[in-house]
Amino acid sequence: YTVSDNEYFASNIDCVWEKDEKISLGDIKTTASLDREYLSWQLSIYAYLFELQNPLIKVDKLFGIWLRGDKSELVEIERTLFPYTTLFRS
């Protein structure tokens, strides 16, 4: 699912899930370890852009999906409370 501010930035969200009318976003990582802080920023910005493009839909949860060899982990990620609008001003 591609999200954008329709001016400068665009990015692809790896996974968008809908269950019981709630939306969750997920990002797949194959790094040596899962950087939760990085994922929090990345997925929080994705959530902001998703909601910007879909003003009637609120993102409920964020997830990191870590895959490395025969190991895997699904981790809920906290949404960062940053004023994203300052990032997207012209």
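When all heavy atoms of Val59 and Phe50 are compared, the pair lying nearest together is CG2-CD2, 3.6 Å. For the residue pair Leu62 and Ala47, the shortest heavy atom distance occurs at CD2-CB, 4.1 Å. When all heavy atoms are compared, the tightest approach of Leu43 to Gly26 is CD2-C, 4.1 Å. The shortest heavy-atom contact between Arg68 and Thr31 is CD-O, 3.5 Å.
No donor-acceptor pair under 3.5 Å is formed between the side chain of Thr30 and the backbone N or O of Leu67. A donor-acceptor pair under 3.5 Å links the side-chain atoms of Ser44 to the main chain of Thr80, judged by distance alone. Between the side chain of Asp20 and the backbone N or O of Lys22 there is no donor-acceptor pair closer than 3.5 Å. With hydrogens and angles disregarded, a donor-acceptor distance shorter than 3.5 Å links the side chain of Asp5 to the backbone of Glu7.
Qualifying ring pair (Phe, Tyr, Trp, His ring centres under 6.0 Å) partners for Tyr38, counting only residues two or more places apart in sequence or in other chains: none. Partners of Glu76 by side-chain hydrogen bond (donor to acceptor under 3.5 Å, both in side chains), not counting sequence neighbours: none found.
Between Glu51 and Arg79 there is a salt bridge, with a side-chain nitrogen of the basic residue lying less than 4.0 Å from a carboxylate oxygen of the acidic one. A salt bridge links Arg36 to Glu73: one of the charged nitrogens lies within less than 4.0 Å of a carboxylate oxygen. Salt bridge absent: Asp60 and Lys58 never bring a charged side-chain N and a carboxylate O closer than 4.0 Å.
A heavy-atom distance below 4.5 Å is not found between the side chains of Asp27 and Ile13. Within the 4.5 Å cutoff, no side-chain heavy atoms of Lys29 are placed close to those of Ile65. Side-chain atoms of Ser11 and Tyr46, non-hydrogen and from C-beta on, do get closer than 4.5 Å to each other. Annotation: side chain of Gln53 is in contact with side chain of Tyr1 (closest heavy-atom distance under 4.5 Å).
Here the CH2-NZ distance, from Trp17 to Lys61, works out to 11.5 Å after rounding to the nearest 0.5 Å.
There is a side-chain donor-acceptor pair under 3.5 Å between Asn12 and Thr2.
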